[in-house]
There are 2 protein chains.
Amino acid sequence: MPTIKDIAEAVGVSIGTVDRIIHKRGRYSKKTAEKVLKVMEELNYTPNIHARGLKSTKQFNFAAVIPHGEQDGGYWNLVIKGINRAAAELGSYGSHLEILTFDRYSEGSCRKTLEEACLKGSDGLLVAPVRPDEVRSCLSERDIPYLFIDSDVQGLDDRISYIGQDSYQSGILSGKLMSLLLKGQKSPGIMLIEPPGSNAHIKRRIQGFRDYMTNMHPDSFFLDVKEEVDDEQSFHRYLDSSIKESEVRPLGIFVANSSVYYVASWLEKKGESYHGIPLIGYDLIPGREGYIESGLIDFILTQQPEEQGYRGVLQLYDRLVLKKEVQKELFVPLNIITRENLHTFENYNQRN
Amino acid sequence: MPTIKDIAEAVGVSIGTVDRIIHKRGRYSKKTAEKVLKVMEELNYTPNIHARGLKSTKQFNFAAVIPHGEQDGGYWNLVIKGINRAAAELGSYGSHLEILTFDRYSEGSCRKTLEEACLKGSDGLLVAPVRPDEVRSCLSERDIPYLFIDSDVQGLDDRISYIGQDSYQSGILSGKLMSLLLKGQKSPGIMLIEPPGSNAHIKRRIQGFRDYMTNMHPDSFFLDVKEEVDDEQSFHRYLDSSIKESEVRPLGIFVANSSVYYVASWLEKKGESYHGIPLIGYDLIPGREGYIESGLIDFILTQQPEEQGYRGVLQLYDRLVLKKEVQKELFVPLNIITRENLHTFENYNQRN
DNA sequence: TTAAAATGCGTTATCGATAACGCAAATGAT
DNA sequence: ATCATTTGCGTTATCGATAACGCATTTTAA
């Protein structure tokens with residue numbers, strides 16, 4: 001491995017000169033710079049990360065701005081887990097990461113938290129822009145580098161990267177799985193549950209699902225249920241009344257987010273005759289796996305929140321500390337979770 | 001972050017003493033050692049990786065001993081890809097990794113390659129023990145640290161780690177998926193294909209599949225096909241004669257490894273009436289995805305060869321270079337691949 | 001022409017861990 | 001009592017990149 005000293009000797013200058021040229025800093029002549037860059041190219045010089053990391057006194061301060069951990073059924077806690085794992089893996093050398101959370105259901109909370117992060121002098125932000133307008137208005141007037149997870153924001157294209165899921169395709173995939181579960185039944189009445197606080201993301205999932213079903217089962221019809229409250233009891237009541245109104249027993253239920261667990265507990269309460277109804281939903285929520293094990297929930301698709309948080313931090317680090325190029329867009333794989341492979345996903349990932 | 005200097009000052013000794021105590025090296029008194037260790041504990045000292053990496057002139061030489069990349073339908077090339085990705089990520093600081101391949105179908109080739117790796121003075125080996133006997137006889141008499149991927153070896157329990165898949169459970173999962181694809185048909189005749197060079201791994205998959213099916217579809221019967229040759233043409237001929245002999249058209253086909261692609265091309269040749277037969281198999285082979293896209297193959301389970309190679313190298317590094325504790329056994333998640341999520345698995349993973 | 005300013009570049013201390021080296025003091029042997 | 005050996009510990013150079021500092025030399029201004 002060639003060092004800066006090797007370069008200096010090869011060119012016939014001192015290491016100080018080489019360093020200044022590498023960093024385009026201080027004073028040097030154009031001629032020398034050309035020679036140095038040429039030799040660097042030839043010897044295939046790459047800086048020694050350890051020497052750099054050791055010397056650099058610069059503490060990078062990163063901040064992650066995401067909803068409170070327990071919101072959305074604990075979904076964001078999984079993101080936090082991934083963030084912390086990445087932070088631990090990078091060690092705390094040369095970088096420090098702080099997680100700031102906000103209330104995604106209260107106006108202004110997101111903006112306030114973002115501004116707080118900016119004022120702290122963060123060198124980079126990892127943001128879950130569940131409130132795109134607030135994010136847009138806050139970030140567009142600053143020049144802090146930022147990266148989005150979970151969803152993207154139109155108009156903020158100079159983000160470092162976006163890490164998320166192809167929602168529409170995940171809806172398609174759900175459709176396929178539902179189709180299989182229906183075992184060729186004709187005219188399936190499908191209950192399509194649009195959860196509270198539904199956003200563009202969730203709407204795209206529903207669209208994908210609907211498109212697949214109408215395409216493959218033209219005779220299927222939908223019972224759209226749009227829930228407004230995020231609380232198990234009211235959810236159950238609401239489902240009961242929806243069922244009563246429409247007077248059909250659904251042949252399959254698709255829930256476009258983690259409310260699927262509420263639906264599962266509802267089915268459980270309804271008794272045996274409801275237990276076989278195909279049920280597909282989103283997200284693995286710790287403590288709720290029982291519904292998958294018992295088979296009440298047939299399939300869960302995940303957004304891989306942990307993976308998103310993990311990758312997000314790594315990309316921030318790669319881009320800002322290591323100054324590497326990173327992918328501007330990264331879709332996490334669509335994993336299918338079911339009773340038989342559920343346990344193989346647990347506790348994978350921690351690197352020690 | 002406390003440094004070795006902080007410890008030294010706190011105790012009232014020099015950094016040299018602290019260093020010797022940390023590494024149990026050279027001469028020091030028991031009393032001082034106790035004090036130093038106590039303070040280290042209190043201040044929660046962790047060595048600075050960068051300083052250590054910078055100083056240590058020790059080049060770790062690792063070797064990966066696996067079958068030729070193109071064997072098993074290119075399967076090992078994927079492992080190699082993961083190994084290289086990990087190697088690139090770790091940078092080449094303080095470690096060098098060499099991949100040595102052998103012919104898994106020729107006796108002694110594995111042993112020879114292993115011995116070669118040992119003679120090169122490797123500090124650690126990543127081994128795919130597809131020939132357990134040769135691995136056992138070679139490694140048990142040396143004291144080089146080693147780690148297994150793909151499959152484990154009985155009697156070599158002092159390995160650093162084993163990284164692989166829960167084969168039986170993957171068979172169970174295949175059974176579940178097959179069961180769904182059969183859409184409730186009665187008395188399904190299942191063609192169960194045991195591929196050439198079948199090992200304990202593959203037999204466990206078959207066992208899992210069979211157990212699930214006989215449990216959930218007691219009326220199902222199996223047409224066992226044990227193929228001997230690993231070549232597309234002969235495979236087709238063999239399938240033809242098997243079908244003719246048994247005089248049944250299979251209602252579903254399970255192939256316990258990547259020979260599933262041969263079966264797919266066979267079904268394609270047989271014409272329309274064969275195209276709808278549920279087909280489940282293993283492994284994503286580059287260039288063969290077309291059979292999944294077209295739907296000829298319904299589901300593919302993967303062993304995540306790339307992930308196995310990647311993790312293997314990371315664990316070797318963590319254990320030997322960073323001297324961390326690592327998990328003695330790591331099962332990779334069972335991913336389900338189908339037409340609708342196939343593309344979300346491609347090109348994920350490389351970190352830049 | 002001469003002082004002032006600008007340019008190009010070399011020198012050096014630093015980050016934290018490592019390990020060789022060697023000096024005292026303590027212990028042992030004769 | 002004297003010398004040899006052992007024991008405990010401090011000092012120091014090193015790894016490669018970084019960046020402050022300052023010395024010559026050249027260029028510009030008056």
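Within every chain, numbering begins at 1; the chains are lettered A, B, ... in the order of the sequence lines, protein sequences first and strands thereafter.
Relative ring orientation between His50(B) and His50(A) is described as tilted, the plane-to-plane angle lying within the 30° to 60° band.
Comparing dC9(D), dA17(C), dT14(C) by their nearest atom to the side chain of Lys55(A) picks out dT14(C). Side-chain atoms of Arg27(B) lie closest to dG8(D) of the nucleotides dA17(C), dG8(D), dG10(C). Among dG10(D), dA17(C), dA17(D), the nucleotide with an atom closest to any side-chain atom of Pro47(B) is dA17(C).
Between His23(A) and the phosphate of dA19(D), there is no side-chain N or O to OP1/OP2 separation shorter than 4.0 Å. Distances shorter than 4.0 Å separate some side-chain N or O of Tyr45(A) from OP1 or OP2 on dA17(D). One finds no side-chain N or O of Thr17(B) lying less than 4.0 angstrom from the OP1 or OP2 phosphate oxygen of dG8(D). Residue Arg52(B) places at least one side-chain N or O closer than 4.0 Å to OP1 or OP2 of dT18(C). Between Thr3(A) and dC15(D) there is no side-chain N or O to OP1 or OP2 distance below 4.0 Å. In this structure, Ser29(A) does not reach the dT7(C) phosphate: none of its side-chain N or O atoms is under 4.0 Å from OP1 or OP2.
What separates CD1 of Ile22(A) from C1' of dA17(D) is a distance of 8 Å, to the nearest Å. For Lys5(A) and dG10(C), the NZ to C1' distance is 15 Å, given to the nearest whole Å. Put simply, CG on Leu54(A) is 14 Å from C1' on dA19(D), counting in whole angstrom units. If you measure from atom CZ of Arg25(A) to atom C1' of dG10(C), you get 14 Å, rounded to the nearest angstrom. Following rounding to the nearest Å, Asp19(A) (CG) and dA20(D) (P) show an atom-to-atom distance of 10 Å. dT11(C) atom C1' lies 20 Å from atom OH of Tyr28(A), rounded to whole Å. Between the CZ atom of Arg20(B) and the P atom of dG22(C) there is a distance of 15 Å, given to the nearest Å. Put simply, CD on Glu9(B) is 12 Å from P on dA17(C), counting in whole angstrom units.
Annotation: Lys328(B), atom NZ; neighbour count of heavy atoms from other residues, nucleotides and ligands within 6.0 Å is above 12. In Glu141(B), the CD atom is crowded: over 12 heavy atoms of neighbouring residues, nucleotides or ligands sit closer than 6.0 Å.
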Show me the side-chain donor-acceptor pairs of residues 33-42 of chain B shorter than 3.5 Å, one per line, residues at least two apart or across chains.
none

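A salt bridge links Arg25(B) with Asp19(B): at least one charged nitrogen is closer than 4.0 Å to a carboxylate oxygen.
Both Ile15(A) and Ile21(A) lie close to DNA chain C; mapped to their nearest nucleotides by heavy-atom distance, the more 5′-ward contact belongs to Ile21(A). A residue-by-residue look at Ala51(B) and Ser14(B) shows that Ser14(B) has its nearest nucleotide of DNA chain D further toward the 5' end.
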